[in-house]
Every structure is written in C-alpha cells, then in structure tokens.
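These notes are about the structure you will find just below.
Remember, it's 1-based here, ligands and their atoms both numbered in the order they're listed.
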Amino acid sequence: MRPARALIDLQALRHNYQLARELSGARALAVIKADAYGHGAVRCAQALEAEADGFAVACIEEALELRAAGIKAPVLLLEGFFEADELALIVEHDFWFVVHSLWQLEAIEQARVAKPLTVWLKLDSGMHRVGLHPKDYAAAYQRLQASGKVAKIVLMSHFARADELECPRSAEQVAVFEAARQGLGAEVSLRNSPAVLGWPTVPSDWVRPGIMLYGATPFEEANAQAARLQPVMTLESKVICVRELPAGEPVGYGARFVTQRPSRIGVVALGYADGYPRHAPTGTPVLVAGQRSQLLGRVSMDMLCVDLTDVPQAGLGSTVELWGKNILASDVAQAAQSIPYQIFCNLRRVPLIYSGS
Ligand SMILES: *Cc1c(COP(=O)(O)O)cnc(C)c1O
C-alpha cells in the first residue's frame with residue numbers, strides 16, 4: 001500500500017476550538033467549509049459536536065452532508081442561498097443562512113416559509129466582496145423583521161485585513177459596522193481566526209474561527225496566541241528509494257537542483273497530485289526520520305526528493321513529515337508562496353486517518 005497519508009488529530013482540533021472560545025469569550029461557529037479545509041467535515045463535526053455552538057459551511061450541499069451524517073447542531077450557510085428554491089430545504093433542515101444581497105432579501109419576502117428563519121445579515125463594512133451597503137443595512141433589517149418570516153437576526157461582517165495587526169483597516173471596518181448597526185438590538189459576529197487571535201476588543205457575540213481550528217496561524221509573523229494552536233494534520237509518507245550521487249549531478253525534472261557535494265537523496269512517495277505544492281522550492285523544510293532536512297529539486301506528480309546527506313539514520317522506509325507537528329504547514333506554504341488555507345484545501349488522494357475522537 002502506498003505510504004502517503006494524512007493523520008488527523010481530533011484532540012488537537014478540540015483544543016483549538018476551546019482556544020477560540022477562551023480568547024473571544026463568545027460563542028463560536030466552527031468553520032468547516034471546503035471539507036473542513038481538507039480535514040474531513042463530517043469527522044471534524046462529529047468530534048466537535050458535543051461542545052460546539054454550531055458549524056459554518058459555504059453552501060447547502062456542504063450543510064446537507066452534515067445532516068445526512070446525523071449532525072444536529074446549528075449549521076450556518078456562509079453564502080446563504082444561491083437560488084430561492086433552496087429555502088424549502090433550509091427550513092426543512094433548520095439551517096441558518098447569511099443574507100448578503102438585496103436579491104436574497106427580496107426572495108425571502110416573496111417566499112412562503114413554513115417555519116421562522118434564522119438570518120445572519122451581512123454588512124459590507126469595507127472588504128467590498130459580498131454584504132449589504134451601509135446605507136441599505138438598517139432598512140434591510142427592518143424589512144426582514146416586517147416580513148414576519150424571521151425568528152432571529154444576527155448582524156455580521158467580515159474583515160479583509162485582520163491578519164495585518166498593524167493595519168488600521170480592521171478598526172475602520174468596525175467603525176463602519178458600529179455606525180450601520182446603530183439602534184438595531186441584535187447579536188453581532190465579526191471575527192474570523194486572525195481577529196479571534198489578534199483583535200481582542202472587537203465586539204462579538206459569535207466568532208467564526210476557521211484556519212485556527214486546524215492549528216495553522218493566519219499571520220505571517222510570529223504571534224503569541226497563534227503559538228498556542230496545535231497542528232491537527234500531519235501529512236506524511238515514506239522514503240521508497242535512496243540513491244548516492246557525486247557532486248554535480250542533476251536531480252528530478254528540469255534539473256532544477258544539482259548536487260553541490262556527494263549526496264544521499266531520498267525519493268518520497270508524495271507529490272503535487274496529493275496536494276503538495278508544486279512550487280515549493282529546494283530548501284523547503286521536511287522532517288526525515290525525526291530530523292529536519294529539505295526538499296530538493298522539482299516536486300513531481302507522485303514523488304518528491306529530499307536530502308538525506310546529513311541524516312545518516314534515514315534510509316529506505318524512513319517516515320517523512322511534509323507538514324504537521326514539527327514542520328508547520330504555514331512554513332511550507334510560505335516557502336511555496338501560498339497560504340496554509342490553500343495547501344490544506346488542495347489535499348487529495350491521500351487517506352485521512354483519524355485519532356483522538
Ligand atoms: C471562511 C470564513 C471564515 C473563517 O475564516 P478563517 O480565516 O479561516 O478563520 C469566517 N467567516 C466567513 C464569512 C468566512 O467565509
């Protein structure tokens with residue numbers, strides 16, 4: 001059997017969820033969209049369900065997968081409905097959903113709904129992706145109330161630059177939010193992971209941690225709170241071939257690496273078809289037989305090469321950690337000019353092996 005696999009530590013997931021709660025003092029929706037950032041949404045939801053205040057996913061397809069697996073907790077659809085006829089399923093399964101545009105508000109007004117809805121009304125406070133314009137916000141709130149179809153409204157917005165702790169933009173967004181919600185007596189939700197970790201004074205009844213649940217930092221710089229996170233995923237495989245080369249020999253496609261000294265090269269059964277970033281350069285950290293080493297040459301589809309020259313205890317069959325408890329996914333992402341969000345989401349083909357449930 002091919003030795004590539006991703007070990008998922010559900011105990012670490014629960015630790016990170018508790019940290020989000022502790023740092024915010026708020027209720028927390030665990031964001032498990034995109035198959036829990038590659039960690040497996042159903043298993044992650046099952047591991048958190050006893051303590052989680054609820055979950056958030058991108059769309060109804062992801063939410064239905066949770067219900068089909070028996071998850072009873074609240075589930076928020078972060079993009080709301082894409083077509084008005086999803087409202088029937090939303091009602092049937094008691095989903096909560098975001099209203100980010102006036103066309104969704106109009107669709108609710110037109111719809112016949114059998115049960116009162118829970119709506120998270122989204123303001124565009126400055127990211128300029130989705131969300132209602134500040135001038136429309138209070139009126140939209142009143143219209144939802146007047147529709148008679150809504151049991152509860154939560155006021156929400158989303159930060160564009162919360163990962164930049166020196167940047168004034170997040171405070172500006174909070175000010176826009178505060179002005180727009182004047183006089184609307186409802187619960188609020190603004191904070192994603194960087195804001196949970198780095199913006200303690202932002203008002204919150206609800207927080208929406210995603211990447212931090214999986215133990216990766218959203219920041220480029222070191223951060224004391226982020227250092228308390230525990231990595232959840234360990235991506236590993238094994239050395240399947242060892243070769244000794246003199247100095248001056250090319251390794252891999254395009255001869256992008258040439259040995260500088262007599263070298264031992266380990267070939268690892270893991271490549272970009274598994275989601276390892278193809279643009280990770282020579283020098284990207286890996287852990288081989290418990291010792292830090294580096295990637296050499298271009299990443300292939302199913303294999304990549306690592307330096308064993310200074311790891312004498314490593315050989316055929318040695319375990320290689322590509323990211324996990326020792327090699328941080330955020331460091332690999334940075335080397336490959338990506339972000340941990342993307343390298344987790346890109347994971348595929350490798351089996352997910354769970355522990356700590
Ligand atoms: C994805 C998402 C989150 C989670 O963001 P992280 O940076 O992963 O914590 C929170 N809120 C909304 C609206 C999202 O789309």
key: For E187, all residues meeting side-chain contact (heavy atoms from CB on, under 4.5 Å), sequence neighbours excluded   = R27, K152, V154, D205, W206
query = Which is it for P218 and ligand 1 at heavy atoms under 4.0 Å: side chain, backbone, both or neither?
reply = neither
request  = For the residue pair L296 and Q294, establish whether any side-chain heavy-atom pair is separated by less than 4.5 Å.
outcome  = yes
message = Do P277 and V332 have side chains that approach each other closer than 4.5 Å (heavy atoms only, starting at C-beta)?
response = yes
task = Closest by any non-hydrogen atom to atom 2 (C) of ligand 1: pick that one out of R208, H158, R129, K33.
result = K33
For [X], counting its heavy atoms only, list the atoms of ligand 1 lying under 4.0 Å from any of them.
X	answer
Y37	1 (C), 4 (C), 5 (O), 6 (P), 8 (O)
P194	7 (O)
L78	13 (C), 14 (C), 15 (O)
I211	6 (P), 8 (O), 9 (O)
S193	6 (P), 7 (O), 9 (O)

message = Tell me if the centroids of the rings in F81 and W103 come within less than 6.0 Å of each other.
response = yes
message = Please confirm whether the ring centroid of F95 lies under 6.0 Å from the ring centroid of H93.
response = yes
query = Are more than 12 heavy atoms from other residues, nucleotides or ligands located less than 6.0 Å from atom CZ of R256?
reply = no
task = Write out the residue and atom name of the closest protein heavy atom to atom 7 (O) of ligand 1, then the distance separating them to 0.1 Å.
result = Y341 OH, 2.7 Å
message = Is A58 close enough to touch ligand 1? Criterion: a residue heavy atom under 4.0 Å from a ligand atom.
response = no
Reported CZ-to-NE2 distance for the pair R208 and H158, which is rounded to 0.5 angstrom = 6.5 Å
key: Backbone or side-chain N or O of V31 under 3.5 Å from ligand 1 N or O   = no
